[in-house]
Amino acid sequence: MRDVRRRTLLSAIGGTAVAGGALNSGIAEAAPSAPAGAPAAPDRGTPHDDQVRALLDRMTVEEKLGQLQQLAWSWDTGPGGGETKDVEDAARAGRLGSVLSIFGAKSSNALQRIAVEESRLGIPLLFGLDVIHGFWTTFPIPLAQAASFDPEVTEKDAEVSAKEARSNGVHWAFSPMMDVTHEPRWGRIAEGCGEDPYLTAEFAAAKVKGYQGPGKRGFGAKDRVAACAKHFVAYGGAEGGRDYNTVDVSESRLRNLYLPPFKAALDAGAATVMASFNTVGGVPAHGNSHTLTGILKEEWGFDGVVVSDWTGVQELIAHGFAEDGAAAARLSLNAGVDMEMVSTNLREHGKKLLREGRVSEHRLDDAVARVLRLKFALGLFDDPYVDEDAAIDGPTAATRKAARETAARSMVLLKNMVLLKNNGAGNGGKVLPLKASAGSIAVVGPFGDSDDLLGTWVVPAAAKKYPSVKVLDAVMRAAPGAKVTYARGVDPEGKDTGGIPAAVAAAKAADVTVVVVGEPPAMSGEAAARSDIGLPGAQERLVEAIARTGRPFVVVLVNGRPLTMSGWLASAPAVLEAWHPGVEAGNAIADVLFGKVNPGGKLPVSFPRTVGQIPIHYNHESTGRPYDADNKYSSKYLDLPPDPQFPFGHGLSYTTFEIGEPELSRDSVSARALRAGDTLEVSVTVANTGRRKGDEVVQLYVHDLAASITQPVRKLRGFRRVTLGAGRSTVVRFRLGAEDLGFWTNDTHGEFLVEEGKFDLYVGNSSTAKSKRTLTVT
């Protein structure tokens with residue numbers, strides 16, 4: 001038995017542990033005077049301290065509360081338009097700190113002039129926007145980007161987005177979203193990176209770097225914006241996948257599954273954090289002092305701004321946590337929220353709460369100082385306006401090229417079978433890649449001629465002005481000598497099958513058919529939970545009808561979440577997961593279909609066989625009776641295999657790879673050495689055994705065989721996407737340390753253990769990797 005007394009608090013990877021209160025400590029109010037260990041307002045040594053202190057000394061209580069208020073702008077409405085009078089009046093009175101959803105150099109400058117030139121203190125406004133996967137240049141959705149297993153993909157998206165947004169007056173992007181989830185019914189899975197905390201953490205850090213630039217305070221540059229790590233915390237655990245729903249989570253799962261991406265984002269310098277809509281252990285996140293103050297501000301030392309989500313403070317009343325607006329204001333501010341989005345409880349009740357001693361002046365000044373420091377860091381006091389002549393007004397050839405390459409790099413080849421007849425196909429008898437020399441090609445399906453493949457959370461003006469490239473048009477360009485026909489077959493969500501015969505006729509007359517099916521973008525994202533995650537409407541019947549023709553075809557999926565496909569998958573010879581690919585959708589899909597790009601993406605989330613199998617994810621814990629096909633009394637369904645349809649990390653290529661046996665730099669290492677910062681190396685040889693250049697993602701998984709808290713059967717702890725020419729090989733090396741071999745306990749003060757014992761280290765090209773070595777920690 002392992003000696004559970006051998007434990008440590010590893011400050012090097014988790015921050016110094018500071019008493020942060022119990023998990024449900026959000027119920028308790030902060031003391032009116034400054035509590036021990038509370039963040040100072042502001043501390044000496046923090047950038048811009050002198051300017052912040054000087055402003056605080058001059059501000060009235062009303063002006064301080066105003067800095068904590070964020071109001072929403074009306075789309076396409078400039079100053080003086082009537083609908084924005086409340087915003088303009090608040091800015092003029094110095095009782096407004098931020099505005100969201102305003103953009104455009106002219107409009108933002110006009111509102112900024114009101115605040116800077118007409119208010120008493122001239123404090124500039126902070127303009128925020130949901131820049132999720134593009135501003136003018138729409139990149140593939142974040143879930144798709146995670147499928148690239150290449151953080152440079154998301155960094156490029158953020159870099160382009162920041163430049164376009166900042167030139168149009170936006171200072172603050174409400175991104176990245178890093179909500180790890182095991183729930184594909186949840187529409188917001190499209191905005192995140194899937195089911196794994198390590199993968200999500202790598203992408204979160206990269207996106208912060210892309211938005212804010214190199215270094216932790218680089219976002220003052222005119223081509224950068226402040227990032228916002230959201231949603232804090234555990235939003236991805238919403239019950240039933242229903243948005244805004246309850247999350248009941250242990251401290252260990254909170255720290256091992258949901259918190260790591262946030263820590264990575266903050267280590268990368270993320271300037272702000274957004275609270276989440278859900279409860280955490282019965283306490284709404286907007287009123288949870290354990291998470292917002294105990295962990296975020298005290299344990300991690302976060303000195304940036306915590307912003308509420310849309311009316312999140314007001315919703316404390318609906319949660320049954322606050323009796324009224326005054327209580328909501330008190331509970332949220334004392335818990336750690338620094339800025340209220342849209343609802344106005346802090347502004348309306350703050351002065352009275354101060355007078356009654358229910359909120360301390362120290363806490364108010366701390367929140368205001370955080371907002372002011374952000375504005376100074378962004379350079380808004382030096383230059384609050386943008387150059388209207390330099391505003392970027394659309395994608396460029398270079399940004400479209402980046403979006404196209406990113407989208408193709410994010411696609412996952414799920415299936416590619418050998419056909420008895422190779423009509424129009426060209427990869428050793430397999431369906432894909434298609435031959436550009438094919439005589440005839442049919443494109444069928446509701447999304448084959450669609451220009452709405454941008455995905456969820458797109459800037460409305462961008463969606464209107466810069467729709468996605470159509471698959472049909474791109475296929476015509478990719479195969480200029482082919483006769484290309486199109487038949488819609490069915491509507492995206494409709495039940496009418498009257499168009500299927502025309503689609504069947506087109507398939508019968510063609511050498512090969514491209515069937516483009518999936519979800520409309522509006523079917524994923526916020527407030528888009530689905531109880532059935534199969535192909536909507538009659539789309540499955542369309543695929544089945546094409547299959548019955550006996551002609552070669554490929555199914556292209558355009559979607560914002562994992563889909564179930566057990567009804568038609570067996571009859572489809574090839575399936576390409578394209579996700580919602582963004583503005584260059586059609587071109588990127590054609591690049592992969594015709595082999596201009598060899599697919600190398602991998603699934604960042606497991607694809608279930610049916611909805612009844614959810615939740616199913618690779619990083620689950622074992623049970624006392626793990627699955628046994630020959631034992632009824634083991635953990636399983638009577639009518640389903642135990643594994644998903646496609647596992648985490650799965651993805652095929654037009655070439656073949658061989659990954660060798662992993663090698664360790666040593667077979668054992670002491671826990672004491674690991675705690676002191678020691679590491680070991682895992683190396684493996686990967687070879688391209690096929691006939692063309694391609695990409696493989698080498699993945700490293702760890703399993704702690706016995707621990708004082710049951711560990712996942714596997715945890716991703718390293719990945720590397722490599723490009724190899726035919727016949728070429730390389731050695732991939734990974735470093736493992738305490739962070740990879742330890743875990744957080746249920747101690748609410750933050751206890752991280754590195755225990756003695758054996759660890760299986762698996763290396764392969766998916767979460768089902770078989771090759772392994774065993775490491776002993778002594």
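Everything numeric in this text was worked out from a predicted model, so none of it was measured. FYI, side chains are in, hydrogens and waters are out, and symmetry mates aren't considered; it's all heavy atoms of this structure.
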Value for CG (D740) from CZ (R717), rounded to nearest 0.5 Å, stands at 4.0 Å
Is D643 salt-bridged to R609, going by a charged N under 4.0 Å from an acidic O?
yes
Quick one: do K230 and D130 make a salt bridge, cutoff under 4.0 Å?
yes
Taking the basic N atoms (NZ, or NE/NH1/NH2) and the acidic carboxylate oxygens, is any pair closer than 4.0 Å for D451 and K470?
no
Any Lys/Arg nitrogen of K263 or E739 sitting under 4.0 Å from an Asp/Glu carboxylate oxygen of the other?
no
Cation-pi check, R720 to F734: give yes when NZ or CZ is under 6.0 Å from the six-membered ring centre and within 45° of the ring axis, no otherwise.
yes
Output all residues satisfying side chain to side chain donor-acceptor pair (under 3.5 Å) with D695, sequence neighbours left out; order by chain, then residue number.
R409, R721, T723
Only residue of H650, E696, Q699 satisfying side chain to side chain donor-acceptor pair (under 3.5 Å) with K602 is E696
In terms of ring plane angle, is the pair Y244 and F277 parallel, tilted or perpendicular, where the classes change at 30° and 60°?
perpendicular
Salt bridge check: are R530 and E519 linked by an N-O gap of less than 4.0 Å?
yes
Does E152 pair with K156 as a salt bridge, N-O distance under 4.0 Å?
no
Check this for me: R735, atom CZ, are more than 12 non-hydrogen atoms of other residues, nucleotides or ligands nearer than 6.0 Å?
yes
Heavy-atom donor-acceptor pair, S653 side chain to T656 backbone, under 3.5 Å:
no
Aromatic contact between Y762 and Y701, with the criterion being ring centroids under 6.0 Å apart: yes or no?
no
Distance-only polar pair, side chains of H231 and D179, donor-acceptor under 3.5 Å:
yes
Verdict with reasoning, R404 to V469, per side-chain contact (heavy atoms from CB on, under 4.5 Å)
CA-CA 10 Å; R404 181 172 180 169; V469 174; over 6 Å; no
Quick one: do E658 and N765 satisfy side-chain contact (heavy atoms from CB on, under 4.5 Å)? Show the steps, please.
CA-CA 9 Å; E658 182 177 292; N765 61 4; over 6 Å; no
Does one side chain, of S566 or T564, offer a donor that lies under 3.5 Å from an acceptor on the other?
no
Give me each pair satisfying salt bridge (charged side-chain N to carboxylate O under 4.0 Å, His left out) with a member in residues 575-585, each pair once, sequence neighbours excluded.
R400-E584
For K207 and E202, what are the C-alpha separation, side-chain angles and deciding distance, and is it a salt bridge (charged side-chain N to carboxylate O under 4.0 Å, His left out)?
CA-CA 9 Å; K207 197 145 196 179; E202 292 292 306; over 6 Å; no
Please check: side-chain N/O of S410 versus main-chain N/O of T406, any donor-acceptor pairing under 3.5 Å?
yes
Is the ring pair F232/F262 parallel, tilted or perpendicular, if the boundaries are 30 and 60 degrees?
perpendicular
Identified side chain to side chain contact (heavy atoms under 4.5 Å, CB included) partner of R561 from the options I189, I141, T181
I189
Tell me if the CZ atom of R541 is crowded by more than 12 foreign heavy atoms within 6.0 Å.
no
For W186, all residues meeting ring-ring contact (aromatic ring centres under 6.0 Å, His included), sequence neighbours excluded
Y235
Heavy-atom distance under 4.5 Å between the side chains of L453 and V558, does that happen here?
yes
